[in-house]
Every structure is written in C-alpha cells, then in structure tokens.
There are 2 protein chains.
Amino acid sequence: MPEPRSGSRPTLEAVAALAGVSRATVSRVVNGGDGVRPHLADRVQTAIQELGYIPNHAARTLVTRRTGAVAVIIPEPEARIFSDPFFSRQIRGISKELTAHDTQLVLLLVEDLCDYDRIERYLAGGHVDGALAFSLHTDDPLPAIADRIGMPMVYGGRPGWTAGPGEDDRVTYVDADNRGGARDAVRHLLAQGRRRIAHICGPLDQTSAADRLSGYRDVLPDAGCELVASGDFTAAGGARAMAELLDRAPSIDAVFAGNDLMATGALRVLRERGRAVPAEVAVVGFDDAEPVAESADPPLTTVRQDIEGMGRMMARLLMERLGDGRGGGRSVPGPVITQTALVQRASG
Amino acid sequence: MPEPRSGSRPTLEAVAALAGVSRATVSRVVNGGDGVRPHLADRVQTAIQELGYIPNHAARTLVTRRTGAVAVIIPEPEARIFSDPFFSRQIRGISKELTAHDTQLVLLLVEDLCDYDRIERYLAGGHVDGALAFSLHTDDPLPAIADRIGMPMVYGGRPGWTAGPGEDDRVTYVDADNRGGARDAVRHLLAQGRRRIAHICGPLDQTSAADRLSGYRDVLPDAGCELVASGDFTAAGGARAMAELLDRAPSIDAVFAGNDLMATGALRVLRERGRAVPAEVAVVGFDDAEPVAESADPPLTTVRQDIEGMGRMMARLLMERLGDGRGGGRSVPGPVITQTALVQRASG
DNA sequence: TTGTAGGCGTTATCAC
DNA sequence: GTGATAACGCCTACAA
C-alpha cells in the first residue's frame, strides 16, 4: 500500500501525472470544476483520492492573495476577558460563523501596548484577510494601524471614538442596545414599586458601561450621585461597589448592576449584610451569559443580550465585506445594534 | 509623501532596487543579516523603513515550509470549555509562550465529530507547523489523524489511551499530578478529623476525573460507593451531586470535589440545606483558577495546579519538538507531570 | 561578501 | 474544454 510519506505531500503536479491531464485541469476540478468534462473530472477525483492530495495553502495564498483566515484581536490587559463568559460566548459565535465560511480563526491576545508592533507586522504580512476586535478603549492604537495598512475590520462593541450609537456609519461594529436595555431594567424595578434604585456601573472608558449608565439616567434623571458606584465588570468589583452603596445610602431598595458578574458580587455582599433579596433589595444584572446569571443565588433577573449571535454577526459582516468569493461586495456595512430582552428570575 | 498604496505592498524586489543591491542581500538582512557589510545593511534597512516593507508570509512559507503558526484544537462538545476558567488560563499560557517564539495561535473549535474532516484538511494543508489539543476522550479520532499526516502534537492532560501517568513515552503531554493532588486533599480532610469524606467526581471518561477519583480511593480504599457521586465539572452538576450525597449519606462531614466549579455548586446546596461550611461539612475543590475558588462563599480550600504554566509548558514542548530554528531538535519529549499544592482557605 | 538563477505549488491568461 | 506558460514573493545553493 503506497502510504504517502509524511513530510512531502503530493502536489497538484503528481495528481495531474497520475490522472494523465495537465495541472490546469486538476486545478479546475479542485476549485469547483466548471468546464471540465465529467469523464476527466472523474479521473482527476480518483487520482486525488488515491494520493490523498490536499492543496498547499501557502502556494494558493501567494497567487490568490487570500488567506482564508481572520484575526480576532483581544486586548488582554483587562484580564476579565476570559473570566467573563461574555467573551467566550462571543468567540464561540464567531467561530461557528467562520467555520461555515471555511475560514480560520487566528487568536491574537494583546498583552501590552508594545505588542501592537507585532500585531501590525502580523496583519500587514498577509496572514489574514480581515480582523475582528473587541471592546477598544478610546486611545487604542489598533484603528489607526488598521487604517494605515488597509485591513478590513469589524469591532465588537461601539468604539469609544464614535459619537454615539448609530451616529457613525464609517466604522463597522456590532453592539447591543445597551442604553435601551438599561432603561428596561430600571423601568422594571420602578414598576415593582422600588423607589431608591442604585446603579453599579462598569469602567466608564468602555462604551458598554457608559451607555448603560446613560440608560439608567434616562429613566432616573434626578438620582443622586450617591446612588451610583463604580465597578470593573468583575464580581469582586461589584462586591466593593455594593458595600459602598450600602454605606452611602442604606435605604436603597434596588440595584441595577452593569453586568451579571458584578451583580453576583453585589448579591454576596447583600447576603453578608443580611439584606434579603429580593424582599428588601432587588437586583438586576446585564448579559445573561451562562452560567453566571442562572446559577446565581438567587438566580438573577437580568437584561439578556444575544452574545453568541453578536459574535456570529461580527463574523458575518466581515465576510460580507471581504466579498466572500472573488471581489464581490466591497461595501462597508454600517453598525448593527441588536435588541436586548429582560429575563425575569428570582432576584428582582 | 509617498504613502504606500494599500493593496499592493512593497516587495523584496522593490527594497533591493531602492537600496541598489540584489534581492539576495535584502533577504539576508531581513533574516538576521550575517555576512553583510554594515555599510550595505544600513542602506537596506533604510530602504525597508522608507517603503514600510513587511515580508510576505505566504511566499516565505512556500519555500521554507514553515508557517510560524500552531493550532490549538478544542473539542467543543463539552461546552464547559469556556465557562470553566481552566481552559482560558491554559490558552493564556500557551499564547504567551507562542508569542515569545513569534508564533501565532490558530484556534480550532470542534463542534462535532464530522468537523474532523475539516480539521484534517486544515492540518494537512500546511497551515500550521504543529498542534496542541486538550482533554481528548478515548475514542477521539484526532491522534489517528495526526499520526497519519505526521503532525507534531502535544496534548493537554493525559490522553485516555495511555496506560497511566508516565507509562507511555511515545506521546507528549502535560498534566498535573491529579492523583497525588487528590490524595493531598483527602489527607488534609482526614487530618482535620473528618471521618465521612465524600467525593464528587468529574466525567470518568476524562483521565483528570478518573485520576482524581483514584487518588481519593488511594487514601480511603474502604469508602462505600454511597460516598461517591458523579458531576460533569460544572457548577450545576456539582449541585446535583451534592444533593444526591446528602440524601444517600446524611452524615457526611466533608466533600472533596473534582474541580472548583463543582465545589461551588456543592456549597450552594449545602447552604440551601442549612449545613454550615466548614463547621458541619468541609469542602475542598481542585484547580484554584481565578476567580472561582477565591470568590466562592466561603472561599474554597482547593488543590492548586499551575494552569497557565501548564499551557506554557505545552507550547514550549511543541516549540522544542519543532526545533525552533531550522531542523534542530527532532526529539519527541516525553510527558511532563506538574506538581500540585494544597491552598487552604475557609471552606475546609 | 555579494549577485545570479532556480524553484517552492498554485492560479490565471492565454492560445489551441 | 484543455494545456502550456507566466506570474506570485521569497529563500538558497552556487558561482563570482
């Protein structure tokens, strides 16, 4: 049995020789095979099977100028990236969509700012056709780099430099309706008769945090600033913020946390201080990513965003922009804002 | 200002022309530059700067047969992959090490078994120089594929088909001393005077779960089977198992859970049933991955494994095997077993 | 030390 | 329809 030797895989040439045709014909068969007589196509297919031929990626990329790969760039400095299921789910969504387009996911974790040199070389070196990036800060150098080297990008979460949701159509991003979702959460608490509603916000240099705070203020424009405490989107930060709120405003009867992780931190502090949830204090979170919200104690009422769907959408927009096949759609799709939905559970 | 047009980046040829030397000389400078007179090297560097030259990856790969990329293959079926910080940390470790070697990380999430076709094509297509794979089950087709196409592999966690820890030197893997760590945990509980010590094990088709169970039995060979319940490495599974144990053996005074996530589920059930931790029932976990163990309520006593370090080690072994530069070390390093350490906190 | 030339495996443009 | 042939951008003997 002629086992193919590892280390030197069969080439197009070998297939052509075995099938008794030219390289060009084999190439046609491999790439869809229009305009090849079934007779020959079959012979080629057989040869391909027999030799276990698999096209060489580098050679193909060299001539087509397409890599079939996409970078996902994650600013690692915020270590919450992996502890927060948010990113994981989004990556899963991205992965699914890319797989459906036969495109590979190259993960680029950015440890610190000087890594951006490496990132630039990588992106410019033709390793990938486009890139997806998460939760950039206002001063992130990535957009400038992408611009300079002409790399198609799609952002996750509204980038900080845009004027506001839906107000800048030159950049493609996918975001949830953070402001609207926050309004829903606060209105839900109001409808329960809650009157002293506090907010634990995330880091305000991220638009998701800022937009949720805006939503809170939309509904409660007169809320005193003693009712707003800052967290960092982690459980520990949420706990600290909750403790602060209880000290500053002991009479609060509800808390809207900027995400589920902070909400769980808040729940822990409320339990430690003997405040019954939701009887004395209602708690609402944001995200509804497995398994945090559902397995919280008590299970969290929260604002659901379709995180995996947002990931898929990011990938889809990029694919669209890359013109899936050859040349096609060069357009730059505008932002996509996805809807949120309040999910009521036991906490409020 | 001669902005380089995006879409057609400068080539080696262009640099050579601008510097007034041959392509070969430029190539030498780009790749370390031994044996080029400083005089010329400078001129080349200048030209490179001026043109913003960045080597084309595909062309280089085509001739060197090295991609500078490594695949990380994750069998997604177990959805815990991302909800469990274990994987996240390991990926972070891998990423750091790879970055240090100027190597890229290509993430391959495997949704279901038929994806392995795609995986094989990908690996055989010369996209990557080697691959890392996590927590395979006994019947996973990946090892056979890797073997057939001669892809250098390093596994995370002892693969199920190996006889036992350290008994098969033909496969490279990195694992913690799960059995020893489990023994430490149980002995720690014994030393506290606990007498009815239960175990919540993970899915036994994964060696990490099986080895930890073995460690438990090493210390407590006479423990009745009513003291062992199965979880699935998730918090919900841990909760179910805990409930089961309390029903079957109400007198238990300690629980060793196969990982931290299951331990948190156990804590929740114990709290719901009014059993004080650790006064009435002590709980010990396994992993000590942020933020689960530390932010549990009460904080978990647990067996720490250096997860990020294991990830780095996996990447390092693969790099070593690939012979970092040209051709060097072709050896197949044997398994590496890392030590664990008991971390005592409030839960037991 | 430097330059010349051949080839890596594909796709694409032509003739036939 | 099919087959030569020329790129694609780079590395690397080998020759000078």
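Protein chains get the first letters and strands the later ones, always in sequence-line order, with residue 1 at the start of each.
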(message) Without decimals, in angstroms, what is the distance between B:R65 CZ and D:dC10 C1'?
(response) 14 Å

(request) Would you mind telling me which residue lines up with the more 5' stretch of DNA chain C, A:A24 or B:A59, judged by nearest nucleotide? (result) B:A59

(message) Is the shortest side-chain heavy-atom distance between B:V21 and B:V29 below 4.5 Å?
(response) no

(message) Nearest whole Å is fine: how far is D:dC10 P from B:Y53 OH?
(response) 3 Å

(message) Rounding to 10°, can you tell me the angle the first-five-pair axis of the helix from C:dT1-D:dA16 to C:dC16-D:dG1 makes with its last-five-pair axis?
(response) 40°

(message) Counting only side-chain nitrogens and oxygens, does A:T25 get under 4.0 Å of the OP1 or OP2 atom of D:dG3?
(response) yes

(message) If the condition is side-chain contact (heavy atoms from CB on, under 4.5 Å), which residues does A:D115 pass it with, not counting sequence neighbours?
(response) A:V110, A:E111, A:D112, A:R118

(message) Closer than 3.5 angstrom, by distance alone: can the side chain of B:T46 be matched with the main-chain N or O of B:D42 as a donor-acceptor pair?
(response) yes

(request) Determine which pairs satisfy ring pair (Phe, Tyr, Trp, His ring centres under 6.0 Å) with at least one residue from residues 19-55 of chain A, sequence neighbours left out, and list them in order. (result) none

(message) For C:dT2 and B:R37 - does any side-chain N or O of the residue sit under 4.0 Å from the phosphate oxygens OP1/OP2?
(response) yes

(message) Rounded to whole Å, how long is the line connecting atom NE2 of B:H57 with atom P of D:dC8?
(response) 19 Å

(request) Using atom CZ of A:R23 as one end and atom P of C:dT11 as the other, report the distance to the nearest whole Å. (result) 11 Å

(message) When you measure from the side-chain N and O atoms of B:S22 to the phosphate of C:dT4, is any distance below 4.0 Å, counting only OP1 and OP2?
(response) no

(request) Go through the structure and list residues passing side chain to side chain donor-acceptor pair (under 3.5 Å) with B:E120, not counting sequence neighbours. (result) B:R148

(message) For residues 13-33 of chain A, which residue pairs pass the salt bridge (Lys or Arg N to Asp or Glu O under 4.0 Å) check, not counting sequence neighbours?
(response) A:E13-A:R23

(message) Between C1' on C:dG9 and CD1 on A:I54, what's the gap in Å once rounded to a whole number?
(response) 14 Å

(message) From C-beta outward on B:N56, which listed nucleotide comes closest to its side chain: D:dG3, D:dG9, C:dT11?
(response) D:dG9

(message) Using the ring pair (Phe, Tyr, Trp, His ring centres under 6.0 Å) criterion, which residues pair with B:F134? Sequence neighbours excluded.
(response) B:F87

(request) Starting from P on C:dT1, measure out to CG on B:D42 and report it in whole angstrom. (result) 16 Å

(message) From the set D:dG9, D:dT2, C:dT10, return the single nucleotide nearest to any side-chain atom of A:V63.
(response) C:dT10

(message) Just to verify, what does B:D306 make a side chain to side chain donor-acceptor pair (under 3.5 Å) with, not counting sequence neighbours?
(response) none

(request) Please identify each residue that fulfils salt bridge (charged side-chain N to carboxylate O under 4.0 Å, His left out) with B:R43, with sequence neighbours left out. (result) none

(message) Counting only side-chain nitrogens and oxygens, does B:N31 get under 4.0 Å of the OP1 or OP2 atom of D:dC11?
(response) yes

(request) Using only side-chain N and O atoms of A:R60, determine if any of them is under 4.0 Å from OP1 or OP2 of C:dT11. (result) yes

(message) Does A:Y155 form a side chain to side chain contact (heavy atoms under 4.5 Å, CB included) with A:I73? I'd like the steps, not just the answer.
(response) CA-CA 10 Å; A:Y155 298 95; A:I73 304 172; over 6 Å; no

(request) Just call it for B:V30: base, sugar-phosphate, or nothing, with non-hydrogen atoms closer than 4.0 Å on any strand. (result) nothing

(message) In this structure, how many angstroms lie between the P atom of D:dG9 and the CG atom of B:L12, rounded?
(response) 11 Å

(request) Check the distance between D:dG9's P and B:L51's CG and give it to me in whole angstrom. (result) 14 Å

(request) Check whether any side-chain N or O of B:S27 sits under 4.0 Å from OP1 or OP2 of D:dC11, and answer yes or no. (result) yes

Quick test: give all pairs of protein nitrogen or oxygen and nucleotides 14-16 of chain D nitrogen or oxygen below 3.5 Å, distance rounded to 0.1 Å.
none

